[in-house]
Amino acid sequence: KKPQTLPKMLSKSEVKKLFKVTTNLKHRVALQLCYGMGLRVSEVVNPKVLDIDSKRMMVHVRGAKGKKDRYVPLPKSILPELRQYYKEFRPKDFLFEGQYGNAYAKSSLQQVFRFAMQKANIKKQIGIHGLRHSYATHLLESGADMRFIQELLGHNSIKTTQVYTKVTSKSKAKIISPLDQL
C-alpha cells in the first residue's frame, strides 16, 4: 500500500520571515505569488505579463497540471511590489524572465526558496510546494469554504483538497478530550 503522507507546511510567521529575508525583489515577488495564490512552481514561472489583470485583480493560470486553465485572485497586498518589479525589470513576455528572455527556470526558483529557508533559519525539510500547502491550510483555518479552495488550487476531486483538514489546527483545537471532561 502507498503511504499517505500529510502535506508539509509553514506557519504564517515562518512565511512572513521567509519574505522578510528575501531581499531580491524578483525573488520575493515570485515567492509571494506562490504563497499568495497557492500556485505550483511551474505556475509561478509560466505566466505572461498579459495574464495579470490588475483591474479585476485576477491572474489567468494557463495550461496548469492536467492542461487546465483557471483564474486565481491576485492578493491586493502584492500589487505595489508587483508594479515596482515591473518598472524595474520590464519583462517583455513572461512575468519572470530568465537570462535569455524565456521563462524563469523552476529549478532556479526552488533554489531561491531553499536559500531563503536557510537565511530565515527555518529548519523544516520542505520544498517550495510547501508554500502552496501553507496557502491552502491557512485559507481553511481562516474559514474559507472547502469547495472554493478546491477551485483555487485547481483540484479535480474534493478528496485531494480534503487532505488539508488533517493538518489544520483550527478544527482539531475545538475537540475536547474526554479526559479533560472528567
Nearest atoms (heavy-atom pairs only) where A103 meets V45: CB-O, 3.6 Å
Distance, nearest 0.5 Å, that separates CG of N121 from CG of L18: 12.0 Å
Y85 (side chain) donor-acceptor with L95 (main chain) under 3.5 angstrom: yes
Closest contact, heavy atoms only, P73 versus M37: O-CG, 3.4 Å
Beyond-backbone contact of P7 with T137, side-chain heavy atoms, under 4.5 angstrom: no
M57-V72 co-clustered via ILVMFWY side chain contacts under 4.5 Å: yes
Whether N46 side chain and E43 backbone form a donor-acceptor pair below 3.5 Å: no
Over 12 foreign heavy atoms within 6.0 Å of CD, Q162: yes
Parallel, tilted or perpendicular: rings of Y164 and H155 (30°, 60°): parallel
Spacing of CD belonging to E88 relative to CG belonging to L25, to within rounding of 0.5 Å: 5.5 Å
Polar side-chain atom of K106 near backbone of V41 as donor-acceptor pair, under 3.5 Å: no
Contact summary for L131 and L31, nearest pair of heavy atoms: CD1-O, 3.9 Å
Stepwise side chain to side chain contact (heavy atoms under 4.5 Å, CB included) check, F96 with V29: CA-CA 10 Å; F96 299 107; V29 169; 3.8 Å; yes
Common cluster, V163/L39, ILVMFWY with side-chain heavy-atom separation under 4.5 Å: yes
Value rounded to 0.5 Å, distance of NZ in K17 from CG in L10: 11.0 Å
Residue pair Y104 / L109: nearest heavy atoms and the distance that separates them: CE2-N, 3.9 Å
Contact summary for F94 and V49, nearest pair of heavy atoms: O-CG2, 4.0 Å
Atom NZ of K119 with >12 non-hydrogen neighbours under 6.0 angstrom: yes
Pairwise side-chain contact, Y86 with I52, heavy-atom cut-off 4.5 Å (strictly under): no
Separation of T161 OG1 from M146 CE (nearest 0.5 Å): 7.0 Å
Pairs involving residues 23-33, ordered by first then second residue, that meet salt bridge (charged side-chain N to carboxylate O under 4.0 Å, His left out) (sequence neighbours left out): R28-E81
F89 atom CZ, neighbour heavy-atom count above 12 within 6.0 Å: yes
I126 side, atom CD1; S134 side, atom OG - distance, nearest 0.5 Å: 5.0 Å
Cluster check V21, V15: I/L/V/M/F/W/Y, side chain < 4.5 angstrom: no
Contact summary for G36 and P75, nearest pair of heavy atoms: O-CG, 3.4 Å
Side-chain heavy atoms of Q118 within contact of F115, under 4.5 Å: yes
Between Y35 and H138, ring centroids under 6.0 Å: yes
Within one Ile-Leu-Val-Met-Phe-Trp-Tyr cluster: L33 and L50, side-chain cutoff 4.5 Å: no
Heavy-atom side-chain proximity of L153 to Y135 below 4.5 angstrom: yes
Check: E97 side chain, K92 main-chain N or O, donor-acceptor pair, under 3.5 Å: yes
Neighbour count >12 (heavy atoms, 6.0 Å) for atom NZ, K68: yes
Under 3.5 Å donor-acceptor, R70 side chain and L152 backbone: yes
Salt-bridge contact K124-E14 (side-chain N to carboxylate O under 4.0 Å): yes
Polar side-chain atom of R132 near backbone of G38 as donor-acceptor pair, under 3.5 Å: yes
CG-CG distance between L74 and L79, expressed to the nearest 0.5 angstrom: 6.0 Å
Geometric class of the Y71/H60 ring pair [parallel <30°, tilted 30-60°, perpendicular >60°]: parallel
